[in-house]
Engineer: 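Let me begin by handing over the structure; questions about it come next.
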Amino acid sequence: MILIGESVNIMSKTLGSAMKERNPGPIQEMAKAEIEGGVDYLDINIGPARRGGDELMEWMVNTVQEVTDMPLSLDTTNSVAMEAGLKVCKSRALINSISLQPDRLEQGLPLAKNYETDMIGLLWGVDGMPRDANERCMLAVDLVYQAGEMGIPPENIWIDPIASPISVEINQVKSCVEFMSMLADVAPGCKSTVGLSNISNGAPTHLRPYLNRTYLIMLMRYGLHSAIVDAFDPELVKLAKSEMPEIVDLVHRVMDGEKPDLSSLSQKETEYVKTVRVLTGESLYSHSWLEI
Ligand code: THG
């Protein structure tokens, strides 16, 4: 599994101001720390960056490349900023992301083609967020077709079904997993990714890792290729690198309907079982799900 570090992000309290002040230190420290954590790519997220986005993205890419050769995932909806970043990327870049809105396709696909990058295909359509797994399938087919017309092959496309917070709607949490089980049939040859921490947005900070880790295991069951993650959760990184096969197997068995006797399990196993039950919708989510 390919891990993409999420933390070089304009939304972060410390890095947001470093980006505005063009202060390289904190950004380079964060990049190095994420690599230490075990990621394979660094996401560089400058947000919509409406004014001066091109200059900011170019500076960000150069700043990070001063301390590492790690491949970069460039995250902005500003296509001028995207191109400025791609121009200075030394290794094969990942465009994060191209959605199905007509202007995004029009501006994004030529960049993926001309700069020979990979691209995240974000399943966000003209009507916004897809409502279920079937709408995700239709969007994926459409995206792969339109990319193909531009000469972009499926293996360059990392489909992102859009993970959404469990505190908002359980049906979307389930649809995203269901879609992953259908992806190989509807978009053969494509890769996949997901913004994993989205799942735990709105949950208390100390509980977020439980949701992130368990949801990752659920998506791994259907061959998730990569994920944008919190690199500072060592257990999550271990799970992704197949270093905790017993826990992965336990979660997969619960997904298949097995009902383990909680009294025979360790505390850690019990936590995973309780969490997979809320993420499948079998038990109701509340911030105290681990206590019940
Ligand atoms: N798909 C794709 N790209 C994405 C997302 C996606 N990029 C952005 C996001 N979703 C994934 N990245 C993050 C980054 C940070 C957090 C969540 C997802 C996060 N940060 C903490 C917070 O906001 O509370 C801490 C921020 C801080 O450091 O201060 O939760 O779905 N393709």
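Counting starts at 1 for both ligands and their atoms, following the listed order. All values below come from the heavy atoms of this structure, side chains included, with hydrogens, waters and symmetry mates left out.
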Engineer: Charged N to carboxylate O under 4.0 angstrom, R277 versus E282?
Structural biologist: yes
Engineer: Suppose the criterion is side-chain hydrogen bond (donor to acceptor under 3.5 Å, both in side chains): which pairs have a residue in residues 39-48, not counting sequence neighbours?
Structural biologist: D43-S73, D43-N96, N45-D75
Engineer: Using side-chain hydrogen bond (donor to acceptor under 3.5 Å, both in side chains), reason through E178 and Y222 one step at a time and then give a plain yes or no.
Structural biologist: CA-CA 9 Å; E178 187 189 354; Y222 302 112; over 6 Å; no
Engineer: List, one per line, each side-chain donor-acceptor pair under 3.5 Å for residues 103-113, sequence neighbours excluded.
Structural biologist:
unit_1	atom_1	unit_2	atom_2	d
Q107	OE1	S79	OG	3.1
K113	NZ	G151	O	3.4

Engineer: Which residue pairs pass the side-chain hydrogen bond (donor to acceptor under 3.5 Å, both in side chains) test when at least one of the two sits in residues 130-140, sequence neighbours left out?
Structural biologist: R131-E135, R136-Q172
Engineer: Parallel, tilted or perpendicular, judged at 30° and 60°: which one describes the rings of H287 and Y285?
Structural biologist: perpendicular
Engineer: Less than 3.5 Å apart, N/O on ligand 1 and N/O on the protein: could you list those pairs with the distances?
Structural biologist:
unit_1	atom_1	unit_2	atom_2	d
ligand 1	1 (N)	D160	OD2	2.6
ligand 1	3 (N)	N96	OD1	3.4
ligand 1	3 (N)	N96	ND2	3.1
ligand 1	7 (N)	D75	OD2	3.1
ligand 1	10 (N)	N198	OD1	3.2
ligand 1	29 (O)	K13	NZ	3.1
ligand 1	30 (O)	R208	NH1	3.1
ligand 1	30 (O)	R208	NH2	2.9
ligand 1	31 (O)	N198	ND2	2.6
ligand 1	32 (N)	N96	OD1	2.8
ligand 1	32 (N)	D160	OD2	2.8

